Amino acid sequence: MTERLSSLFLRTLRDDPAEAEVASHRLLLRAGFIRRVGSGLYSWLPLGLRVRRNVERVIREEMNAAGAQEVLFPGLLPREPYEVTGRWTEYGSDIFRLQDRRDADHLLAPTHEEVFTLMVKDLYSSYKDLPLTIYQIQDKYRDETRPRAGLLRAREFTMKDAYSFDFDDEGLERSYQLQRDAYERIFKRLGLEYVIVSADAGAMGGSKSEEFMHPTAVGEDTVVMNDSGYAANVEAFATLVPDAIPTDGLAQPVVHDTPDTPTIATLVDVANAQFPREDGRAWSAADTLKNVVLALTHPDGSRELVVVAVPGDRDVDDKRVEVAFAPAVAEPASEADFAANPGLVKGYIGPWSASGPVLGDESRTGIRFLADPRVVDGTQWITGANESGRHVSGLVAGRDFTADGTVEAATVREGDPAPDGSGPVQLIRTMEVGHVFQLGRKYAEALGLSVLDQNGKRATVTMGSYGIGVTRNLAAIVEASHDEKGIIWPAEIAPFDVHVVATGKDEAVFAVAEEVVAELDASRLEVLFDDRRKVSPGVKFKDAEIVGVPWILVIGRGALEGEFELWNRATGEKQPIRREDVLQKFAK
RNA sequence: CGGGGCGUAGCUCAGUUUGGUAGAGCACCCGUUUUGGGGGCGGGAAGUCGCAGGUUCGAAUCCUGUCGCCCCGACCA
């Protein structure tokens with residue numbers, strides 16, 4: 001196959017479009033792969049479409065090899081299936097909703113669990129039909145609050161989603177593993193670096209969930225990992241719990257007047273000035289206990305206040321809180337909440353007071369009190385004394401106060417110990433490029449998908465869900481593989497195998513190039529041929545470099561003597577090549 | 001949703017403060033020259049100045065409203 005630059009629907013841009021910030025967005029626009037139509041909506045030009053099809057091809061090959069079968073569902077769906085699973089409402093304003101001429105509600109599918117499940121329900125009814133894994137490559141729609149970074153977070157994006165259907169848990173585990181293995185092969189072929197992290201499964205009600213995360217500065221997720229193989233999403237990070245300390249012989253708590261210390265920093269200053277440590281070391285924020293009041297809204301609509309205690313040198317991490325309290329929604333307590341609970345003295349909250357416990361089941365307020373796992377028995381803290389302008393020091397966990405439980409709410413920091421004992425962790429920015437998920441029976445139950453077992457009894461099917469963002473992966477590859485000159489496509493998904501550039505004005509040179517291109521084409525190579533006349537060599541070279549085909553074959557000077565030049569786009573290496581060696585060089 | 005910025009030719013932008021005939025570079029078309037790194041010269045086509053209303057003799061420019069886009073944050077199966 002040969003495409004000629006003289007007729008290709010392509011216009012490269014010399015200047016960076018003002019709308020593009022990140023490299024992939026900028027380069028895909030400039031090199032003429034995509035164009036923006038609306039916020040988070042992109043059109044695909046011939047070059048972009050070719051790469052996209054190649055990404056899809058890799059995914060298809062691995063899906064098929066893993067025994068999955070391809071299907072295709074509509075992107076436009078009626079409301080009913082989503083009503084049954086509760087997602088019509090749960091999804092809120094993140095989905096595009098529309099009405100047909102009879103005012104019937106529809107949506108543009110953000111994901112397809114429901115219709116896959118219903119399709120299997122329609123057709124299958126016996127355990128003998130299982131296992132089954134089916135997939136599609138489909139456009140998904142999400143009304144993102146803020147689309148950004150071009151293809152990395154778009155409102156219309158292409159995704160491969162697969163679903164497995166099994167009779168029992170062992171079957172699900174096997175199907176899951178097959179998909180997981182296929183994902184590893186896909187990312188290796190795409191040349192995309194990844195780490196697999198355990199993810200929180202709460203939101204979708206499943207059991208086991210792992211995310212394929214691609215390390216990149218433009219990522220929106222934080223992964224906690226170390227060189228010894230530990231890796232987890234920051235939401236799923238578990239604190240390594242220190243050993244308890246004997247409380248025997250520890251001094252009794254002391255209450256101090258600490259006016260004007262509403263923040264941890266001011267408290268530490270006052271503590272060092274007024275009641276220095278006996279061992280001479282200075283108090284630090286880590287010696288204080290910060291008590292944060294959160295308001296939870298439970299799925300039944302009820303509202304509950306909880307107090308979360310974290311060491312004062314850490315903050316409460318919103319994402320970790322969200323997971324810790326799901327399905328309840330947590331938000332900072334409002335002024336009204338404080339007004340309704342006079343027992344909570346803002347800025348001076350603590351579990352203890354001179355006149356008895358303030359927080360917890362048996363306390364004055366009865367408010368649930370959850371502590372960071374580091375607050376083990378025997379640790380001593382400076383914290384609020386529940387009186388305005390007063391704090392207490394030497395407050396011993398397990399002796400002077402007891403939490404109602406622990407909560408993973410504190411921020412994770414570089415250097416924190418991994419829960420598996422493998423040592424200190426690092427925090428890296430990543431982007432989710434794939435997700436494998438054991439859904440279990442949630443959707444099958446909600447939608448009534450069951451099969452008859454060997455005894456003729458109904459049994460609910462168990463499901464897995466497996467997603468890869470096709471267009472996001474394409475953009476991630478550009479992020480990971482470009483230089484100041486342009487894109488550098490990995491051979492597996494490059495729009496063409498070789499980019500032949502004919503230079504000069506000598507028609508004899510073009511005639512040679514035509515012959516070589518025809519030979520390459522005949523050996524089933526995909527060739528991009530810059531056959532433009534009256535375009536200067538510099539322009540052609542710049543275009544070749546920004547477009548990013550792995551090999552650039554320059555036919556110009558010396559062409560009539562059979563001497564060409566072969567450029568390696570990735571390394572920048574340029575070597576002479578004899579005409580008679582060209583075919584062999586590219587032989588597949 | 002909060003904060004910031006921006007809408008003028010396909011792209012990048014000037015002009016707006018101080019109202020007075022719509023501009024530049026690149027890209028595009030024609031001619032010419034050049035041919036190994038976005039070349040030179042000459043000519044040309046191309047814009048409802050986001051949209052609506054208002055003020056004014058006159059609005060890209062001032063006023064009001066509105067729509068859209070980008071960035072940071074919140075949010076994100």
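From a predicted model like this one, the values you see are computed outputs, not experimental measurements. Chain identifiers are assigned alphabetically (A, B, ...) following the order of the sequence lines, protein sequences preceding nucleic acid strands; residue numbering begins at 1 within each chain.
Of the residues in residues 565-581 of chain A, A/Glu565, A/Trp567, A/Lys574 come within less than 4.0 Å of RNA chain B through at least one heavy atom, sorted by number.
Judged by atom type and distance alone, A/Arg30 reaches the base of B/rG38 through a side-chain donor-acceptor pair under 3.5 Å. For A/Thr12 and B/rA27, a side-chain-to-base donor-acceptor distance below 3.5 Å is absent, hydrogens and geometry of angles not being considered.
Looking at residues two or more places apart in sequence or on another chain, you find no salt bridge (Lys or Arg N to Asp or Glu O under 4.0 Å) involving A/Asp221. Not counting sequence neighbours, A/Arg97 has no partner by the salt bridge (Lys or Arg N to Asp or Glu O under 4.0 Å) test.
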request  = Do nucleotides 8-14 of chain B as a string where each nucleotide becomes B, S or -: B if the base has a protein heavy atom under 4.0 Å, S if just the sugar-phosphate does, - if no protein is that close.
outcome  = --SBSS-
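The phosphate of B/rG73 has OP1 or OP2 within less than 4.0 Å of a side-chain N or O from A/Arg148. Contact annotation: A/Arg146 side-chain N/O to B/rC72 OP1/OP2 distance is under 4.0 Å.
Ring geometry, A/Phe212 versus A/Tyr183: the interplanar angle falls from 30° to 60°, so the pair is classed tilted.
Contact annotation for A/Ala559: no contact, since no heavy-atom pair falls under 4.0 Å across all strands. Residue-level contact check: A/Tyr466 touches neither bases nor backbone, having no heavy atom under 4.0 Å from any strand.
Screening residues 34-44 of chain A for side chain to side chain donor-acceptor pair (under 3.5 Å), with sequence neighbours left out, gives A/His25-A/Tyr42.
Remark: B/rG73 base-pairs with B/rC1. Criterion, Watson-Crick or G-U wobble with two distances under 3.5 Å.
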Distances for protein N/O vs nucleotides 45-50 of chain B N/O pairs under 3.5 angstrom?
none

